[in-house]
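Working notes for the structure below.
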4 protein chains.
Amino acid sequence: MSNPHDSASNGAVRPDGEAREPQRRSPGRPRREDRMPVRDEILKTASVLFMEEGYEAVSLSGIAERCGVTKASVYYHFEGKPALFTAAVIRMLQLALAGTRRVLDQEGKSLRLRLQEVAERRLSRIQHIEFEALMREASHYLDDRQRTAIREAEQELHDLLSLHFARAIADGEIRKGDSMLMAHSYTALLMIGNRQAAKNMYASPSELAGPIMDMFWTGVG
Amino acid sequence: MSNPHDSASNGAVRPDGEAREPQRRSPGRPRREDRMPVRDEILKTASVLFMEEGYEAVSLSGIAERCGVTKASVYYHFEGKPALFTAAVIRMLQLALAGTRRVLDQEGKSLRLRLQEVAERRLSRIQHIEFEALMREASHYLDDRQRTAIREAEQELHDLLSLHFARAIADGEIRKGDSMLMAHSYTALLMIGNRQAAKNMYASPSELAGPIMDMFWTGVG
Amino acid sequence: MSNPHDSASNGAVRPDGEAREPQRRSPGRPRREDRMPVRDEILKTASVLFMEEGYEAVSLSGIAERCGVTKASVYYHFEGKPALFTAAVIRMLQLALAGTRRVLDQEGKSLRLRLQEVAERRLSRIQHIEFEALMREASHYLDDRQRTAIREAEQELHDLLSLHFARAIADGEIRKGDSMLMAHSYTALLMIGNRQAAKNMYASPSELAGPIMDMFWTGVG
Amino acid sequence: MSNPHDSASNGAVRPDGEAREPQRRSPGRPRREDRMPVRDEILKTASVLFMEEGYEAVSLSGIAERCGVTKASVYYHFEGKPALFTAAVIRMLQLALAGTRRVLDQEGKSLRLRLQEVAERRLSRIQHIEFEALMREASHYLDDRQRTAIREAEQELHDLLSLHFARAIADGEIRKGDSMLMAHSYTALLMIGNRQAAKNMYASPSELAGPIMDMFWTGVG
DNA sequence: CATGAATGAGCATTCATTCAT
DNA sequence: TATGAATGAATGCTCATTCAT
């Protein structure tokens with residue numbers, strides 16, 4: 001067991017280029033230049049695929065093929081499908097967390113403006129499967145450690161949002177209330193962006209951001 | 001032409017007892033006993049399973065087993081997995097539509113109260129996978145007719161909600177705005193009920209209904 | 001066992017119209033007019049399909065559907081697939097025997113001319129699978145009685161040809177030799193008509209009859 | 001791209017020992033032992049089975065079992081049943097082509113003697129299903145590339161024969177005529193060797209060669 | 001690090017067959 | 001006569017996983 005199988009860990013978050021075409025490497029360890037690429041590439045590819053298609057629908061051979069490596073290579077880097085899934089989802093959540101934090105931490109902008117910016121960014125991305133749906137499908141296959149690790153990573157996102165709502169309440173910027181529920185309401189409303197019917201109502205997905213923020217801010221009453 | 005394969009149809013909706021233990025039957029038509037019509041039982045079981053676990057995660061043998069019949073029987077009644085899925089989802093949507101309409105059509109109650117009642121009912125049910133996630137997973141396997149049939153059934157639900165929002169706008173009961181977006185916002189917020197983290201915040205799922213309705217009605221601003 | 005299952009028998013040979021569209025009959029026994037149609041129709045349809053596609057490739061539901069009856073009806077009329085196959089093949093062979101006999105028995109025509117006429121008729125028909133191939137595939141499933149019955153029916157065809165060759169030898173119309181081998185050579189050469197490559201060499205299949213008869217009559221030497 | 005799926009290829013042709021008893025192996029790569037390369041063994045087994053029993057009648061599990069491997073192994077080496085069939089049939093045709101060429105290319109022997117030798121060899125082999133029958137059955141399942149590849153391999157055999165007939169015509173060794181039709185007549189007559197009835201007429205199949213060659217050379221006239 | 005070759009379990013689907021009505 | 005509803009067995013195929021090299 002000398003393999004680097006630390007399924008729930010995840011290396012430094014590195015946004016990088018798109019999947020390369022499977023250029024056959026010559027045998028033996030490659031000279032440095034493209035350091036530590038394979039594990040990361042697998043992770044990145046897996047993230048995208050799992051988010052787009054769910055757990056069962058994604059096959060390890062599919063991932064391997066897209067990365068130009070073999071299935072066995074994937075098994076060298078990750079303990080198995082559940083471990084890879086865990087790592088991939090966590091990677092994605094941390095990316096989202098970092099991005100969201102960067103926007104929310106801007107000084108001198110109203111909360112509403114910052115939330116709108118977050119919304120615009122998320123809505124313009126290729127849409128992810130709703131998180132709970134993904135988890136429900138996958139959780140049969142995950143063990144407790146894995147489930148918990150993912151839940152925690154997700155919780156961080158809501159914690160971050162909740163924190164900012166709490167601050168805004170303290171500042172009188174928004175009405176009083178349960179800041180965590182506000183966080184969940186916010187992310188739930190963003191899910192409208194996944195819906196075909198809703199997307200058809202506007203020219204581009206990010207145009208949904210305004211109307212959704214209106215709903216979130218003023219409600220229907 | 002001897003098979004009753006009309007995948008998109010759905011018999012009378014009858015909520016009733018759960019699947020019995022799988023007592024092996026010999027071939028040929030069994031004497032009637034009690035047994036609810038098998039086709040209906042399959043449909044009901046399939047609805048539940050697909051909603052709970054997604055498309056791929058549900059196997060036809062699983063469904064068959066739960067109904068106490070063989071896989072081949074399922075194939076006698078439905079053309080295949082996609083057809084069964086289509087029928088099951090539509091059945092479920094029509095159930096939901098009927099229930100929702102019954103509540104919303106009540107006279108003399110404010111829209112808010114009626115919406116809250118709908119929310120309570122839905123939140124207390126075993127939760128469904130988010131609809132879009134389910135469709136994204138399944139739609140690889142569905143043909144155009146099936147996709148359309150499902151989409152239409154779902155649209156009816158939002159049409160119904162939208163109609164009531166439009167009326168309320170006309171009556172000055174709520175603020176002006178895009179009634180269809182309101183409908184989507186409402187159902188999106190109900191999805192919070194699927195979230196483990198959110199459920200942990202309250203004693204029972206239906207207690208979420210109040211706070212969610214507050215969010216929906218007044219927003220955070 | 002009051003069913004009329006006499007698998008190896010075959011009713012009167014009746015060339016008749018093509019398969020009708022499955023027009024639902026009203027329940028109850030139909031009034032006389034179209035007497036004894038179902039069994040025959042099944043037999044006819046089965047003949048065509050088995051000859052065109054082989055044994056395994058043809059399903060009883062396929063046959064039933066084409067006849068506008070149910071699978072169970074097929075089972076009412078025939079003991080099972082092997083029995084139906086046996087009856088169908090024998091029916092077809094007897095048809096061929098009758099047709100061939102009619103041509104060969106013509107008075108005042110040379111054997112060569114009569115053989116050429118037989119060849120033209122056969123080549124212009126939708127082509128049958130080579131008989132031995134069909135039998136090899138099917139014989140796993142047939143019992144001894146069935147195998148024998150088919151073999152005998154086929155033998156009659158070669159007996160008929162052989163008889164005419166023997167007569168021609170006696171009359172000095174053709175060279176001396178094994179008349180049964182001549183019969184087999186003749187039918188073997190006709191199989192060229194089944195070959196795509198050969199068919200492409202001529203405008204219409206029946207144009208093959210001349211050249212093939214030349215080969216048969218004079219050889220290459 | 002990790003699978004060696006090149007369905008139409010065919011490795012070096014090596015006639016060798018039969019399949020061993022299916023000793024269950026544990027997963028992972030087995031230590032070499034003797035074992036002929038598995039891919040080749042599958043191919044050889046498949047050739048025999050398809051030729052003997054047709055397309056549908058042969059199951060991949062049957063092939064796997066005879067080779068002492070699992071179905072999944074067959075799928076590792078071949079894309080699917082159609083691909084395996086294609087490879088197997090082409091392998092067999094190329095074997096036949098090579099053998100036939102070897103005999104026909106002998107110097108200093110009359111065409112008739114060489115053809116007789118080819119006939120003796122073929123007739124003494126376990127008999128193949130008639131080729132067209134096989135193709136008719138299989139072609140539903142093959143794609144265009146596969147169909148073409150097989151057709152071409154078969155055409156080569158007739159091209160070879162046709163070439164030798166053409167030469168013999170030029171040399172005045174045989175009568176003038178369509179050399180390709182001669183080739184087809186020759187192979188069609190050899191099919192007599194498949195027939196039970198014909199085989200019963202002689203002590204051993206290869207004794208059919210003489211009489212058949214007589215027919216081919218001098219006809220009945 | 002990486003992979004080629006293999007396995008076992010499971011799945012969707014089809015089919016011949018049976019039997020109560 | 002005919003059929004609707006059911007079964008059991010088989011088939012083609014995919015997938016996660018393993019291991020010697």
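Each chain gets a letter, A, B and so on, in the order the sequences are listed, and its residues count up from 1. As the structure is a prediction and not an experimental result, all values here were calculated from the model.
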Over how many whole Å does the gap from [X] atom [atom1] to [N] atom [atom2] extend?
X	N	atom1	atom2	answer
Y75(B)	dC15(E)	OH	C1'	13 Å
F85(A)	dA16(F)	CZ	C1'	16 Å
E65(D)	dT11(F)	CD	C1'	14 Å
E41(A)	dC1(E)	CD	P	16 Å
H140(A)	dC15(F)	NE2	P	19 Å
Y141(D)	dT11(F)	OH	P	13 Å
F78(A)	dC1(E)	CZ	P	13 Å
E56(C)	dC15(E)	CD	P	11 Å

Student check: side-chain heavy atoms of [X] and [Y] closer than 4.5 Å:
X	Y	value
S139(B)	Y55(B)	no
R66(C)	L49(C)	yes
K71(D)	I63(D)	no
M51(A)	V89(A)	yes
F85(C)	I150(C)	yes

_Would K81(C) pass as a cation-pi partner of F50(C), given that its NZ or CZ must be under 6.0 Å from the six-membered ring centre and within 45 degrees of the axis?_
no
*Those residues that, when tested against S73(C), pass side chain to side chain donor-acceptor pair (under 3.5 Å) (two or more places apart)*: none
With respect to the phosphate group of [N], does any side-chain polar atom (N or O) of [X] fall under 4.0 Å of OP1 or OP2?
X	N	value
S73(B)	dT7(F)	yes
H77(A)	dA2(E)	yes
Y76(C)	dA2(F)	no
T70(D)	dT7(E)	yes

*Under 3.5 Å: donor-acceptor pair, side chain of E56(C), backbone of E137(C)*: no
*In terms of the nearest nucleotide of DNA chain F, which residue is placed more toward the 5' end: Y55(D) or Y55(A)?*
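It is Y55(D), whose closest nucleotide lies nearer the 5' terminus.
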*For DNA chain E, what dot-bracket results from Watson-Crick or G-U pairs at under 3.5 Å, with [ ] for crossers and | for inter-strand partners?*
.||||||||||||||||||||
Under 3.5 Å between N/O atoms: give me all the protein pairs with nucleotides 9-11 of chain E, atom names plus distance.
residue	atom	partner	partner atom	Å
dC11(E)	OP1	S59(B)	OG	3.4

*Gap between atom CZ of R39(A) and atom CG of L84(A) - 0.5 Å precision*: 9.0 Å
